[in-house]
**Student:** 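Input: one structure, supplied below.
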Amino acid sequence: MKPVTLHQLKVFEAAARHGSFTRAAEELYLTQPTVSIQVKQLTKAVGLPLFEQVGKRLYLTAAGEELYETAKEIFDRVAQMEMTVADLKGMKQGRLRLAVITTAKYFIPRILGPFCRLYPGVNVSLQVTNHEGLLERMADNQDDLYILSRPPQGDDLQVKAFLDNPLVVVAPSNHPLAKESRISLDRLAQEPFILREQGSGTREVAQQLFKDHNLDVEVKLDLGSNEAIKQAIIGGLGLSVLSYHTLTSVGATQELTVLNVEGFPIHRQWHVVYPKGKQLSIVATTFLDYLLQESEHIAQDMQLPKLVTL
């Protein structure tokens, strides 16, 4: 194999990650012909095809897969080195890659704000997805840390709880049940429900609760965002089970209310997770320590209620 350059590897890594020369060019601010030339030169240096094209989509060959994994390792090591040098200079610099489930977007930015002010040299890449999507990202080792409420089972993960995440039943403020207390699950199951899409952790927990009580729930509508669900509730399309975080601060509205239902709130916690074998960067370790140390203050700042299951 002939010598290759870091620039060639960078272009190749972007093309492999996106499965597209066009998107790689957009990300790297290059022209598409430039990307094609760099990949062609790299292919010649390796001596084997790196991509195969099926329709408009690029797929990695066996050699391409091997080179892609190597390229990721190289750039991770370079990033680690840059962070280590910055740390030796008394600075915290580098990129923090976070992946969080959708509901966490209601509070994670309020944690990242003070952290980034404390460490202005840190840049953050924040990916927001549902539970299923986050597990896929974790399996592909795409990020430094993962924040979710229902961590997967297994001994191959480091799991640390840091914040309460109560699930509550939400209704429009003018709903007849809004004035009632100790509403039974049987009565609640008579109402139409609006839930998150398949693959959402909140949906799975809510449906499991009703299943445990041998109750069927009519899912009138499933939606891909909490904001859309809240608007549908206000529109009178049904009730929902949501994290209380979706109703705090910017998520608050007087048009919604939390119902007093037996078995609710469902008490869960937010967890920060990463694979046990993963070597966390200096920036990721610094954020993890900050998150765990500041969790009590975070809860106070968010004014989470001391909800008690009825």
Side-chain angles (χ1 to χ4, degrees), residues 10 12-20 23-24 26-28 57-60 64-80 83 94-109 111-112 115-116 122-163 165 196-205 224-226 243 245-246 268-288 290-292:
K10 185 175 183 181
F12 166 76
E13 189 276 335
R17 177 161 36 87
H18 290 297
S20 165
R23 293 185 62 188
E26 291 172 353
E27 177 182 312
L28 300 174
R57 176 77 182 180
L58 289 176
Y59 294 90
L60 289 170
E65 289 278 4
E66 185 66 28
L67 185 60
Y68 180 50
E69 293 302 318
T70 301
K72 288 194 295 183
E73 290 177 12
I74 289 172
F75 291 124
D76 281 345
R77 290 296 299 272
V78 170
Q80 290 270 10
M83 292 182 209
R95 178 170 292 274
L96 173 65
R97 299 173 300 176
L98 285 179
V100 306
I101 63 169
T102 310
T103 306
K105 71 180 182 181
Y106 290 96
F107 67 88
I108 284 297
I111 297 172
L112 287 172
F115 177 78
C116 288
V122 173
N123 296 317
V124 180
S125 170
L126 178 63
Q127 300 295 324
V128 181
T129 182
N130 66 13
H131 184 86
E132 195 172 81
L134 187 141
L135 295 184
E136 290 177 1
R137 293 188 66 87
M138 191 186 304
D140 292 337
N141 193 29
Q142 295 187 46
D143 312 279
D144 296 316
L145 298 168
Y146 303 86
I147 292 177
L148 68 167
S149 189
R150 188 167 54 89
Q153 300 295 317
D155 298 328
D156 56 343
L157 295 175
Q158 292 281 4
V159 180
K160 300 178 186 294
F162 68 92
L163 187 66
N165 178 30
R196 286 288 305 277
E197 77 286 0
Q198 294 288 348
S200 161
T202 302
R203 178 185 181 126
E204 291 180 7
V205 170
S225 81
N226 294 316
S243 166
H245 288 279
T246 66
R268 300 202 300 171
Q269 287 186 305
W270 289 108
H271 299 83
V272 57
V273 178
Y274 60 94
K276 275 187 177 178
K278 189 177 184 68
Q279 184 67 41
L280 290 182
S281 68
I282 291 171
V283 168
T285 301
T286 301
F287 178 74
L288 177 61
Y290 175 85
L291 184 66
L292 298 177

**Student:** Given L145, which of V100, T285, L280 fulfils the side-chain contact (heavy atoms from CB on, under 4.5 Å) condition?
**Tutor:** L280
**Student:** Are the side chains of K276 and L157 in contact, using a 4.5 Å heavy-atom criterion?
**Tutor:** no
**Student:** Salt bridge between R17 and E13, side-chain N to carboxylate O under 4.0 Å?
**Tutor:**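 Looking at E13 together with R17, the answer is yes, because their closest N to O distance falls below 4.0 Å.
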**Student:** So, K72 and E69, do they make that salt bridge, N to O below 4.0 Å?
**Tutor:** yes
**Student:** Using a 4.5 Å cut-off on heavy atoms from C-beta on, say whether the side chain of L98 contacts that of D143.
**Tutor:**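 D143 vs L98: side chains apart.
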**Student:** Mind telling me whether H245 and F107 have parallel, tilted or perpendicular rings, with 30° and 60° as the class edges?
**Tutor:**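 Ring orientation of F107 relative to H245: tilted.
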**Student:** Determine whether R95 and V122 make a side-chain contact, defined as any pair of heavy atoms from C-beta on separated by less than 4.5 Å.
**Tutor:**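 No; the side chains remain at least 4.5 Å from each other.
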**Student:** Crowded around Q279 CD? As in, over 12 foreign heavy atoms under 6.0 Å?
**Tutor:**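 Check fails, neighbour count at 12 or below.
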**Student:** Could you check whether T102 and N130, counting side-chain N and O atoms only, form a donor-acceptor pair closer than 3.5 Å?
**Tutor:**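 Their side chains do not contain a donor-acceptor pair, so the 3.5 Å distance test is not met.
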**Student:** Minimum heavy-atom separation for Q269 and A161, please, with both atom names.
**Tutor:** OE1-CB, 3.4 Å
**Student:** Between H271 (side chain) and S149 (backbone), is there a donor-acceptor pair under 3.5 Å?
**Tutor:** yes
**Student:** Inspect the contact between K278 and D76 and indicate whether a charged nitrogen and a carboxylate oxygen are less than 4.0 angstrom apart.
**Tutor:**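 Here D76 does not pair with K278 in a salt bridge, since their nearest N and O are not under 4.0 Å apart.
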**Student:** Just checking F287 against F115, ring centres under 6.0 Å apart?
**Tutor:** yes
**Student:** Please confirm whether the backbone N or O of S125 pairs with a side-chain atom of R97, one donor and one acceptor, at under 3.5 Å?
**Tutor:** no
**Student:** Test your reading of the model: is there a side-chain donor-acceptor pair from D144 to the backbone of L96, 3.5 Å cut-off?
**Tutor:**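 No, because the side chain of D144 does not come within donor-acceptor range (under 3.5 Å) of the backbone of L96.
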**Student:** Under a 3.5 Å distance rule, please check whether T246 uses its side chain to pair with a backbone N or O of N226 as donor and acceptor.
**Tutor:** no
